[in-house]
Amino acid sequence: MLINCVAYQEGKKLKDISIEEISDYLEIPDCFVWVALLDAELAELEKMREEFDLHPLAVEDAWHSHQRPKLDEYGDSLFSVMQLVKMEGDELTIGEVDVFVGLNYVLSVRNRNNDGFLGVRARCEREPHLLSHGAGFVFYALMDAVVDRYFPVLDTLETELEDIEEQIFIKGSARLNIERLYELKRKVTTLKHAVAPLIEETGKLHRGRVPTVCVNTREYFRDVYDHLNRINASIENMRETIGTAIQVNLSMVTIEESEVTKRLAAWAGIFAVATAFVGVWGMNFDTMPELRMKYGYPAALSAIALVCGILYRRFKKAGWL
Amino acid sequence: MLINCVAYQEGKKLKDISIEEISDYLEIPDCFVWVALLDAELAELEKMREEFDLHPLAVEDAWHSHQRPKLDEYGDSLFSVMQLVKMEGDELTIGEVDVFVGLNYVLSVRNRNNDGFLGVRARCEREPHLLSHGAGFVFYALMDAVVDRYFPVLDTLETELEDIEEQIFIKGSARLNIERLYELKRKVTTLKHAVAPLIEETGKLHRGRVPTVCVNTREYFRDVYDHLNRINASIENMRETIGTAIQVNLSMVTIEESEVTKRLAAWAGIFAVATAFVGVWGMNFDTMPELRMKYGYPAALSAIALVCGILYRRFKKAGWL
Amino acid sequence: MLINCVAYQEGKKLKDISIEEISDYLEIPDCFVWVALLDAELAELEKMREEFDLHPLAVEDAWHSHQRPKLDEYGDSLFSVMQLVKMEGDELTIGEVDVFVGLNYVLSVRNRNNDGFLGVRARCEREPHLLSHGAGFVFYALMDAVVDRYFPVLDTLETELEDIEEQIFIKGSARLNIERLYELKRKVTTLKHAVAPLIEETGKLHRGRVPTVCVNTREYFRDVYDHLNRINASIENMRETIGTAIQVNLSMVTIEESEVTKRLAAWAGIFAVATAFVGVWGMNFDTMPELRMKYGYPAALSAIALVCGILYRRFKKAGWL
Amino acid sequence: MLINCVAYQEGKKLKDISIEEISDYLEIPDCFVWVALLDAELAELEKMREEFDLHPLAVEDAWHSHQRPKLDEYGDSLFSVMQLVKMEGDELTIGEVDVFVGLNYVLSVRNRNNDGFLGVRARCEREPHLLSHGAGFVFYALMDAVVDRYFPVLDTLETELEDIEEQIFIKGSARLNIERLYELKRKVTTLKHAVAPLIEETGKLHRGRVPTVCVNTREYFRDVYDHLNRINASIENMRETIGTAIQVNLSMVTIEESEVTKRLAAWAGIFAVATAFVGVWGMNFDTMPELRMKYGYPAALSAIALVCGILYRRFKKAGWL
Amino acid sequence: MLINCVAYQEGKKLKDISIEEISDYLEIPDCFVWVALLDAELAELEKMREEFDLHPLAVEDAWHSHQRPKLDEYGDSLFSVMQLVKMEGDELTIGEVDVFVGLNYVLSVRNRNNDGFLGVRARCEREPHLLSHGAGFVFYALMDAVVDRYFPVLDTLETELEDIEEQIFIKGSARLNIERLYELKRKVTTLKHAVAPLIEETGKLHRGRVPTVCVNTREYFRDVYDHLNRINASIENMRETIGTAIQVNLSMVTIEESEVTKRLAAWAGIFAVATAFVGVWGMNFDTMPELRMKYGYPAALSAIALVCGILYRRFKKAGWL
């Protein structure tokens with residue numbers, strides 16, 4: 001579905017144009033065309049391929065979608081794949097935006113994601129001195145918008161982790177903790193797979209031999225690169241913390257079990273003593289003088305209580321109870 | 001066994017030729033020969049070596065088969081080893097295809113795998129404008145076909161992993177889970193050993209100094225490279241997830257055991273108390289007034305039931321029962 | 001908030017100047033201006049941007065703060081972000097200092113940290129022959145001061161670790177140890193995130209193509225680089241030790257539990273034997289000759305005591321008690 | 001001990017020569033000398049040093065033996081250390097072969113290993129067109145022979161691993177498995193220490209600036225390099241599998257223990273109930289009507305059996321028994 | 001404290017000189033000065049700085065000592081920090097030697113270590129043809145001596161590890177093993193921190209752009225580099241083995257506990273059965289015919305013994321006892 005198709009000249013919007021006009025405007029000097037598609041159909045992509053003279057392999061990748069983030073150069077033009085990560089309720093959803101960038105055009109194809117880039121277009125149009133950098137700046141603006149959307153996702157995951165960390169030393173929460181940690185790790189990994197290849201990609205846009213179309217905006221791409229590195233450092237940190245937390249959780253379960261075993265041992269000991277004693281006086285020997293004594297019974301009960309009490313105190317002192 | 005032996009000129013099939021004619025056709029300009037062998041015998045390979053003037057070390061590798069995927073350059077010609085991975089029932093089987101590529105020939109030797117590359121040949125012949133790139137394009141088409149066959153294997157393994165993940169927090173499934181995870185890890189490792197060296201190999205075909213025969217098709221090899229990277233990222237993800245799952249599975253076992261220990265401790269406690277009480281009234285002291293009371297017996301039973309009931313409620317509340 | 005704004009010439013303080021005068025002094029040859037801000041407001045930064053002609057992206061980063069340590073080059077000028085780590089009570093607090101360095105100016109912006117760099121300025125002014133190196137030396141002096149503040153933090157963390165290590169083989173301390181190790185790991189990670197990117201940063205200031213402003217002071221930056229490497233080595237050491245300690249702690253818990261299980265088993269065995277014996281003589285068979293013997297009862301008690309004693313000695317010998 | 005000392009010219013054996021003649025033959029063009037020593041004594045090495053003009057440091061290394069595999073260049077000559085790994089019974093023994101290679105000589109010194117390289121010499125002499133490559137080819141042939149001897153060792157270790165893997169899910173074998181895994185890991189590590197540095201070494205012999213003596217045989221060294229890489233991939237695979245197997249083994253022990261705990265709990269529960277019941281009817285209350293009933297006893301036994309039976313079925317159903 | 005101060009010319013000792021004469025001798029061509037200090041005081045270092053024209057940062061590092069091993073170039077001169085590791089009783093002590101090397105001087109400053117380098121000086125003076133390489137050779141000789149002292153430490157640690165490995169599968173030694181492994185790991189890490197940075201350092205002295213003073217002795221530094229690599233490989237090996245041993249130790253504890261649990265379960269079962277039986281015949285029902293039989297009692301005892309015996313045999317067979 002076509003969202004926009006606009007021609008710009010010297011940083012200012014010229015006019016909305018029809019798809020058929022694109023090739024005409026591409027020939028005007030200092031003019032560039034910016035097209036936005038949503039969940040594009042094959043016919044649309046084919047049409048674009050003709051108008052912009054895109055490379056068939058790039059178009060095929062955009063059509064199949066579900067690519068890993070990457071940046072491919074085809075002569076002077078670029079084909080970039082970025083993932084759109086979004087928190088919907090408790091789940092992460094993954095969309096994709098494919099951007100074709102040439103010296104005088106930008107074509108973005110958004111897939112499986114409802115949040116448009118109209119804000120990016122509006123911001124660009126508000127700053128003609130920046131937009132006059134041409135297609136490279138638009139590319140930057142799109143990438144910046146994609147990366148900015150990772151931050152709230154990262155925050156949600158970090159909050160979740162802090163939440164779990166508060167539970168981790170609380171007794172009886174081990175099962176829930178481990179399930180949450182496992183689920184969180186999966187989400188963090190998903191985010192990482194969107195971010196990590198993009199770092200490599202932006203690295204190519206500000207270091208070494210930078211593609212012509214991005215030469216004037218390389219400092220902007222370095223800024224995106226810095227943001228991605230920050231996100232990545234947080235992700236790595238979370239991954240490691242989750243790993244440690246899983247380990248610590250196991251330790252806590254083992255510690256708890258060890259405490260239960262001790263209490264079990266202590267009480268079992270106390271009652272075993274009592275049972276043995278009463279068993280003794282339940283024997284049927286003819287000659288058991290204490291059974292005949294007047295206060296034998298209360299004395300026996302007291303003796304048992306005393307022994308059990310002593311045991312109880314010793315266990316208490318040893319920290320088993 | 002010889003499958004095909006065909007001469008092509010300017011992207012079009014010239015004719016099926018006999019092995020003896022190969023060297024004649026190699027001398028025709030703009031002409032190249034594409035030969036396919038299956039489980040080749042030493043004599044066949046020897047014959048090929050003569051016709052195509054192959055390097056003895058490469059032929060030896062093709063004969064011994066069971067190589068690690070690799071790409072060797074011998075002057076202007078290439079020798080490539082790729083693994084064919086296939087899911088047969090529950091098992092992964094590993095085949096191998098060795099490809100000799102020169103400026104005007106392609107020789108593929110398939111081993112221990114029944115799925116031919118006739119589809120590749122048909123597709124190439126349908127697109128003469130691509131096939132006119134010559135041997136390099138045929139090499140790409142073969143490699144693309146090999147890599148495309150990794151995807152269904154990957155999907156099967158990922159489905160298996162998701163299947164296990166659904167079981168992982170279910171009580172009593174620990175033993176089965178761990179066996180399945182171990183088995184899955186082995187399969188994933190097998191797939192990895194097919195994929196990882198191939199990434200390196202394709203890297204050499206589109207970056208830096210590309211061998212002459214592949215210069216015009218380097219963008220196609222980059223596409224294969226991207227696919228392999230996607231597969232590899234999925235594999236790495238699975239490996240890590242399996243590692244975490246094994247750890248989590250151990251945690252779950254320990255948690256379950258800890259719960260069993262608690263229940264054991266609780267019931268042991270309750271019955272130990274009951275046993276101690278009945279033992280008391282089983283003693284043979286002469287003077288035990290309660291034994292003489294009319295309602296002594298039901299009172300005693302009630303007392304025991306009461307104490308056990310209180311214990312039961314406390315354990316219930318503490319989550320031990 | 002403005003802390004200082006001073007002009008220097010040939011290593012000597014010229015005078016305190018007002019913000020408005022900055023651009024005038026920047027034009028005097030051999031003269032440079034050193035400005036220090038604290039928790040700068042947007043208006044202040046905007047003013048600075050005009051006076052020093054700073055890059056908008058750098059200013060934006062300084063305004064948003066909470067950056068990852070980094071070093072960006074904008075033409076001849078540098079923008080550096082460093083983290084100020086401080087131990088406050090039991091907690092680590094993270095501040096930030098952003099430094100803009102040009103050929104004839106240094107602008108430092110300190111955020112969320114109360115310890116000023118007046119000492120640095122004083123030290124610089126005491127050594128005119130060093131200060132005459134210009135802005136690069138001031139930049140070094142600031143960085144050196146930031147790095148020197150990491151050492152006491154590192155020492156505190158190392159002391160804490162040694163403290164835990166002394167507890168790790170002491171029975172009953174497992175739960176506390178694991179909590180402390182987890183907490184310590186978090187702090188160490190925080191420190192690492194301040195140090196590690198800074199190593200990369202200082203690497204750029206003494207190796208390969210060094211920015212013009214730092215060319216004469218590259219040996220000084222190498223010194224900072226060495227210090228950072230030393231800190232980093234200690235951090236890595238601590239991280240690994242913590243990992244091992246967590247593992248060892250788990251082992252200790254399991255060992256302890258195993259010892260408790262053995263003692264439980266031993267005592268349970270002893271009392272089970274006693275209980276079985278007394279149960280035998282509590283049976284109501286008519287013909288049980290030993291019950292009728294005169295010394296049957298003491299003999300029985302002695303027999304039980306004997307058996308239990310033998311068991312006790314055997315368990316003792318086996319190390320179960 | 002001197003094994004052989006032979007002069008070759010244009011790929012053909014000239015004659016066996018005495019050590020004193022070496023320097024004479026070295027001066028004949030197109031002629032090279034190939035000497036083999038076994039467990040050489042210092043005097044022999046010293047003699048060789050004089051004849052071949054070897055570097056003192058290399059000779060010292062050969063004398064001390066027990067080196068890590070390495071390749072040192074001394075001007076135009078090479079000094080290579082390789083480890084000979086051999087399975088003797090259940091143990092791995094490590095020998096060493098030190099090879100000095102110059103433009104017109106090869107000197108091999110074998111230590112602590114009984115399997116000579118006569119086969120290598122025979123093979124070389126059978127193929128004069130290859131041997132005419134000179135010292136470089138001999139060096140390759142020796143290295144190839146050393147590497148070929150790693151394969152049977154690798155196979156033995158892999159068979160051992162598969163053997164353990166079949167035991168890993170079998171109850172009661174945990175202790176033996178862990179001992180075998182630990183032992184196997186040690187052997188694998190030993191093999192790795194022989195292989196890994198050699199990869200680096202052969203890398204220097206076919207990539208980038210190759211030493212003069214090996215320039216014509218670089219494709220042969222790449223072949224060795226490929227073999228080493230295959231071995232190394234298998235080793236890495238085994239190391240990882242062993243790591244996982246140790247983890248899985250621990251899981252299996254814990255799972256088994258958990259099952260035992262459940263059975264223990266179940267039987268303890270059943271007998272505790274029975275004991276409590278018989279205890280009740282063993283009490284000495286005057287008024288216990290059921291004791292007076294005619295069929296009280298069998299009824300009581302039946303009641304107990306019934307309750308125990310119900311418990312048994314419930315435990316069975318829950319999978320505890 | 002000054003140990004030596006000697007001037008050398010063309011590899012031969014000229015004479016012992018006073019500190020004040022140093023600068024005079026530095027001006028004589030082909031002459032170099034070798035000074036050795038022990039635990040130098042600030043004044044001594046300051047004096048040296050003047051005589052040799054050392055860089056202030058290097059002197060500061062030497063004064064503060066406790067540096068990480070490193071190699072800094074200051075123009076034509078080098079500043080090297082190496083750690084002296086020594087086994088004293090059961091503890092590792094860390095000393096430090098700082099070496100300043102110029103084209104015509106060597107200054108070594110030894111700290112916190114009692115073993116002097118007089119042997120090094122003697123060895124150098126015995127070999128004038130080597131010493132004539134000048135300061136670079138002295139630097140090598142010192143470094144070689146430092147590295148040679150790592151070997152006995154390494155041997156001690158490896159012996160300790162082998163010692164632990166022999167205990168690891170022995171029952172009841174788990175607690176001691178884990179303590180020893182933890183302690184050993186700490187020592188190994190200490191040694192690693194001395195060795196690893198030194199590898200990097202020596203790498204700079206024989207590969208790529210080698211500092212002028214070491215150009216003629218680069219093959220000697222490569223020899224040191226090889227030794228360090230060997231030590232490092234052993235260290236890495238030990239670290240990994242320790243890690244595995246800790247894991248295996250945990251497994252052994254769990255296995256042992258599992259065995260104890262089984263024995264506990266078995267004996268508990270046997271006695272529970274006996275107790276239940278005797279409890280049955282301890283009941284007070286009026287009509288219990290077997291109680292009235294003549295051989296009821298021995299028959300009952302036999303029955304109990306029989307049942308227990310059967311249980312015992314079954315447990316024995318199942319490997320629980």
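Order of the sequence lines fixes the chain letters, A, B, ..., with proteins taken first and strands second; residue numbering starts at 1 for each chain. Excluded from the calculations below are hydrogen atoms, water molecules and symmetry mates; all remaining heavy atoms, backbone and side chain alike, are included. Bear in mind the structure is a predicted one, so any value in this text is a computation, not a measurement.
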Just by distance, which donor-acceptor pairs between chain B and chain A come in under 3.5 Å?
residue  : atom : partner  : partner atom : Å
B/Glu165 : OE1  : A/Arg186 : NH1          : 3.1
B/Glu165 : OE2  : A/Tyr182 : OH           : 2.6
B/Glu219 : OE1  : A/His55  : NE2          : 3.0
B/Arg222 : NH1  : A/Glu73  : O            : 2.8
B/Arg222 : NH2  : A/Glu73  : O            : 2.9
B/Asp226 : OD2  : A/Lys70  : NZ           : 2.8
B/Arg230 : NH1  : A/His66  : O            : 3.3
B/Glu240 : OE1  : A/Arg239 : NH2          : 2.8
B/Glu240 : OE2  : A/Lys185 : NZ           : 3.3
B/Glu240 : OE2  : A/Arg239 : NH2          : 3.4
B/Thr244 : OG1  : A/Lys185 : NZ           : 3.2
B/Glu259 : OE2  : A/Arg175 : NE           : 3.4
B/Thr261 : OG1  : A/Glu257 : OE2          : 3.3
B/Asn284 : N    : A/Trp281 : O            : 2.9
B/Asn284 : ND2  : A/Gly282 : O            : 3.0
B/Asn284 : ND2  : A/Met283 : O            : 2.8
B/Asn284 : ND2  : A/Asn284 : OD1          : 3.1
B/Asp286 : N    : A/Leu291 : O            : 2.8
B/Asp286 : OD1  : A/Arg292 : NH1          : 2.3
B/Asp286 : OD2  : A/Arg292 : NH1          : 3.2
B/Glu290 : OE2  : A/Tyr297 : OH           : 2.3

At a heavy-atom separation under 4.5 Å, does B/Ala245 approach chain A through its side chain, its backbone, both, or neither?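 Contact with chain A is through both the backbone and side chain of B/Ala245.
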Can you tell which part of [X] gets under 4.5 Å to a heavy atom of chain B, answering side chain, backbone, both or neither?
X	value
A/Met293	backbone
A/Ala174	both
A/Leu301	side chain

What one should report as the nearest heavy-atom pair of B/Ala276 and A/Phe271 is CB-CD2, 4.0 Å
Kindly write out the residues that satisfy side-chain contact (heavy atoms from CB on, under 4.5 Å) with A/Val278, not counting sequence neighbours, or none if the list is empty. A/Ile304, B/Val280, B/Met283
Flag the one option from B/Ala266, B/Ala265, B/Gly269 with the top tally of heavy-atom pairs under 4.5 Å to chain A. B/Ala265
